[in-house]
Amino acid sequence: MPEGEIERLTEDIIAALKTVFDPEIPVDIYELGLIYRVDISDDRHIEIDMTLTAPGCPVAGDMPGWVENAVGSIHGVQGVTVNMVFDPPWDQSRMSDEARVALDMW
């Protein structure tokens with residue numbers, strides 16, 4: 001895949017991930033640091049490792065589908081696999097500065 005295409009897909013994937021929110025927290029999952037890995041294969045299949053702020057999160061069964069739908073809607077994406085992982089456990093250090101400002105967590 002050409003380098004420019006990888007860059008475009010990466011930007012589009014990040015934008016799509018930023019449309020998915022944990023309903024209990026007014027910050028998107030990308031800025032919360034819930035996305036651990038995004039892999040783009042040569043055949044444009046996207047594999048994502050993500051976590052939750054807590055394993056018992058009420059939307060644990062729904063959020064991977066939201067991520068799959070958001071990323072799967074990107075032009076050129078041929079498929080999406082979302083893996084839920086809990087190692088390493090999420091903690092507040094994974095949040096971006098944008099998330100910290102939105103949540104007033106300095």
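- For the pair I74 and L9, the minimum side-chain heavy-atom distance is below 4.5 Å.
- Taking 4.5 Å as the limit, every side-chain heavy atom of I48 sits out of range of all side-chain heavy atoms of R37.
- Residues I14 and I46 share a single hydrophobic cluster, defined by chaining ILVMFWY side chains whose heavy atoms lie under 4.5 Å apart.
- No side-chain donor-acceptor contact under 3.5 Å links Y36 to the backbone of M84.
- Scanning both residues, V27 and A99, for their nearest heavy atoms gives CG1-CB, 3.6 Å.
- Atom CZ in R94 sits 11.5 Å away from atom CD1 in I35 (nearest 0.5 Å).
- A side-chain donor from one of E31 and S96 sits under 3.5 Å from a side-chain acceptor of the other.
- If you take CG on L32 and CD on E98, they are separated by 10.0 Å, rounding to the nearest 0.5 Å.
- Counting only heavy atoms from C-beta outward, the side chains of T81 and H45 approach each other to under 4.5 Å.
- Closest heavy-atom contact between P55 and A60: O-CB, 4.3 Å.
- Closest non-hydrogen pair, D22 versus I29, comes out as N-CG2, 4.2 Å.
- The shortest distance between side-chain heavy atoms of D43 and Q78 does not fall below 4.5 Å.
- Looking at R8 and E5, a side-chain N of the basic residue comes within less than 4.0 Å of a carboxylate O on the acidic one, giving a salt bridge.
- Following chains of ILVMFWY side-chain contacts shorter than 4.5 Å, one cannot reach V101 starting from F21, and the two form parts of different hydrophobic clusters.
- Atom CG in L34 sits 8.5 Å away from atom SG in C57 (nearest 0.5 Å).
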Under 3.5 Å, side-chain donor or acceptor atoms of residues 61-68 against the rest of the protein: list the pairs with distances, not counting sequence neighbours.
none

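- Rounded to the nearest 0.5 angstrom, N83 CG and M50 CE are separated by 10.5 Å.
- In this structure, T53 and I25 have side chains that are in contact, with non-hydrogen atoms separated by less than 4.5 Å.
- Contact of the D87 side chain with the P89 side chain is registered, since non-hydrogen atoms from C-beta on lie closer than 4.5 Å.
- Using a 4.5 Å heavy-atom threshold, the side chains of L52 and W90 count as separate.
- L17 has its side chain out of reach of D28: every pair of non-hydrogen atoms, C-beta onward, lies at least 4.5 Å apart.
- Formation of a donor-acceptor pair under 3.5 Å by the R100 side chain with backbone atoms of Q92 is found in this model.
- Applying the side-chain contact (heavy atoms from CB on, under 4.5 Å) test to P26 and every residue at least two apart in sequence or in another chain returns L103.
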